[in-house]
*Asks:* 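Quick one: structure below, then a few questions.
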Amino acid sequence: MNTDNQNLVWKLCESYFSILESSMISKVSLDQLCYASKIPSQTVEKIVPKNSYDYRIFFLKILISKIDREVLTELKADIVDDDISSNYDKILEGLSLRFEKYFKYKKSFIIMSQNSKQRIEVFLNVFKENYNFSSNLLTLIEEDKNCGIKALKSLALNIVFIRSLEIFLKNENTDIDAVIRHLDKYLSDMQDVGLFIGIIKN
């Protein structure tokens with residue numbers, strides 16, 4: 001995808017989440033997208049899927065991918081000279097930073113997953129993005145080249161993240177302290193029951 005197309009897609013993505021937040025409804029029409037983004041309908045139709053459900057997931061994946069790139073870039077800068085923090089602490093920092101980025105879009109995420117069925121649909125459709133983030137996070141922090149172990153670690157981190165995401169969506173507080181506490185607990189519990197024994201290195 002060339003730069004011009006990327007810019008158009010991101011402009012539509014920003015417009016989509018802006019509409020969600022202002023309208024407080026989960027369905028956004030093509031006309032609303034065109035009006036908010038000021039992009040002609042002929043152009044929009046070439047970019048987005050044909051129905052609103054598909055482009056709901058389409059834009060969610062675009063947003064998550066952008067957030068994940070930002071998180072990994074910021075974390076890399078934070079830990080480049082950090083020889084004190086454990087890998088556990090660095091992983092916790094990476095997951096926490098991801099939730100901090102999500103916080104800006106919390107209202108939209110809640111609207112997109114208003115009931116259990118919608119939440120399951122969202123979780124299933126972004127599973128690949130979550131797995132990729134976990135894998136890239138581990139690549140950044142650890143040097144283990146064993147693909148099988150790395151896959152298990154990524155799945156375990158994905159479970160931790162999704163459990164914490166449930167708290168994030170249900171918590172009505174204006175900060176994310178409770179989410180980070182649960183995130184730390186879930187990560188610690190995962191380690192304690194043995195899934196992370198010998199995997200997360202101190």
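Values reported hereafter were calculated over all heavy atoms of this structure, with side chains retained and with hydrogens, waters and symmetry mates removed. Everything numeric here is computed off the predicted structure, so don't read it as measured data.
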*Asks:* Is a side-chain donor-acceptor pair under 3.5 Å present for Ser85 with Asp82?
*Replies:*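 A donor-acceptor contact under 3.5 Å links the two side chains.
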*Asks:* Taking atom types as modelled, is there a side-chain donor on Thr139 or Asn136 under 3.5 Å from an acceptor on the other?
*Replies:*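 There is no such pair (donor and acceptor under 3.5 Å, judged by atom type) between the side chains of Thr139 and Asn136.
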*Asks:* Of all heavy-atom pairs between Ser41 and Cys34, which one has the smallest distance, and what is that distance?
*Replies:*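 Taking every non-hydrogen atom into account, CA-SG, 3.4 Å.
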*Asks:* Let me see the working for Tyr105 and Leu20 under side chain to side chain contact (heavy atoms under 4.5 Å, CB included), right down to the final yes or no.
*Replies:* CA-CA 10 Å; Tyr105 300 94; Leu20 272 187; over 6 Å; no
*Asks:* Kindly determine whether His182 and Glu166 satisfy side chain to side chain contact (heavy atoms under 4.5 Å, CB included), including the steps that lead there.
*Replies:* CA-CA 10 Å; His182 280 85; Glu166 277 282 343; over 6 Å; no
*Asks:* What I want to check is whether the side chains of Trp10 and Glu14 have a donor and an acceptor closer together than 3.5 Å.
*Replies:*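 Trp10 vs Glu14: donor-acceptor pair found between side chains.
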*Asks:* Answer yes if the ring centres of Phe161 and Tyr186 are under 6.0 angstrom apart, and no otherwise.
*Replies:*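 No, the ring of Phe161 stays outside the 6.0 Å limit from the ring of Tyr186, centre to centre.
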*Asks:* Nearest heavy-atom pair of Val179 and Ser164: which atoms, and what distance?
*Replies:*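 Smallest heavy-atom distance, with atoms named: CG1-O, 4.0 Å.
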*Asks:* How many angstroms lie between atom CG of Leu8 and atom CG of Leu12, to the nearest 0.5 angstrom?
*Replies:*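 Here the rounded value is 6.5 Å.
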*Asks:* Would you confirm whether Ser96, through its side chain, and Leu92, through its main-chain N or O, come within 3.5 Å as a donor-acceptor pair?
*Replies:* yes
*Asks:* Please tell me if the side chains of Leu60 and Arg56 come closer than 4.5 Å, counting only heavy atoms from C-beta onward.
*Replies:*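 The answer is no; the side chains never approach within 4.5 Å.
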*Asks:* Could you state the interatomic distance from CD1 (Ile79) to CG (Asp89), rounded to the nearest 0.5 Å?
*Replies:*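 Result: 11.5 Å between the selected atoms.
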*Asks:* Once rounded to the nearest 0.5 Å, what's the spacing between atom CG of Asp184 and atom CD1 of Ile180?
*Replies:*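 That separation rounds to 9.0 Å.
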*Asks:* What's the shortest heavy-atom distance between Leu75 and Glu93, and which atoms?
*Replies:*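 Minimum heavy-atom separation between Leu75 and Glu93: CD1-CD, 3.6 Å.
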*Asks:* Rounded to the nearest 0.5 Å, what separation is found between the CG atom of Asp68 and the CG atom of Leu63?
*Replies:*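 One gets 9.0 Å once the value is rounded to the nearest 0.5 Å.
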*Asks:* Within the 4.5 Å heavy-atom criterion, are Leu187 and Leu157 side-chain neighbours or not?
*Replies:* yes
*Asks:* So how far is it from Glu100 CD to Ile67 CD1, rounded to the nearest 0.5 Å?
*Replies:*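 Glu100 CD to Ile67 CD1: 12.0 Å, rounded to 0.5 Å.
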*Asks:* Decide side chain to side chain contact (heavy atoms under 4.5 Å, CB included) for Leu72 and Phe133; before the verdict, give the C-alpha distance in whole Å, the side-chain angles of both, and the deciding distance to 0.1 Å.
*Replies:* CA-CA 8 Å; Leu72 293 171; Phe133 174 78; 4.0 Å; yes
*Asks:* With a 3.5 Å cut-off and no angle check, do the side chains of Asn130 and Arg98 form a donor-acceptor pair?
*Replies:* yes
*Asks:* Measure across Val48 and Tyr55 and return the closest heavy-atom pair with its distance rounded to 0.1 Å.
*Replies:*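 Smallest interatomic distance, heavy atoms only, reads CB-CB, 4.1 Å.
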*Asks:* Counting distance only, does the side-chain N/O of Lys11 pair as donor-acceptor with the main-chain N or O of Ser37 below 3.5 Å?
*Replies:* yes
*Asks:* May I ask you to decide if Ile62's main-chain N or O and Ser65's side chain share a donor-acceptor pair within less than 3.5 Å?
*Replies:*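 Absent.
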*Asks:* Salt bridge (charged side-chain N to carboxylate O under 4.0 Å, His left out) between Arg181 and Asp177: does it pass, once the steps are laid out?
*Replies:* CA-CA 6 Å; Arg181 285 196 300 273; Asp177 289 348; 5.1 Å; no
*Asks:* Counting only N and O atoms by type, is there a donor-acceptor contact under 3.5 Å from the side chain of Gln32 to the main-chain atoms of Ser29?
*Replies:* yes
*Asks:* Between Tyr102 and Leu165, is any pair of side-chain heavy atoms under 4.5 Å apart?
*Replies:* yes
*Asks:* Measuring from Ile111:CD1 to Ser23:OG, what's the distance to the nearest 0.5 Å?
*Replies:*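 Between atom CD1 of Ile111 and atom OG of Ser23 there are 6.0 Å.
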*Asks:* Closest heavy-atom contact between Leu95 and Leu183?
*Replies:*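 What the structure gives for the nearest pair is CB-CD2, 3.7 Å.
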*Asks:* Tell me whether the centres of the aromatic rings in Phe17 and Phe59 are closer together than 6.0 Å.
*Replies:* no
*Asks:* Using a 3.5 Å distance criterion without hydrogens, assess whether the side chain of Lys61 forms a donor-acceptor pair with backbone atoms of Glu129.
*Replies:*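 Judged by distance alone, no pair lies under 3.5 Å.
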*Asks:* For a quick test of reading the model, state the closest non-hydrogen atom pair linking Tyr16 to Met112 and the distance between them.
*Replies:*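 Minimum heavy-atom separation between Tyr16 and Met112: OH-CE, 4.1 Å.
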*Asks:* Walk me through it: do Val80 and Lys76 pass the test side chain to side chain contact (heavy atoms under 4.5 Å, CB included)?
*Replies:* CA-CA 6 Å; Val80 64; Lys76 183 177 181 179; 5.5 Å; no
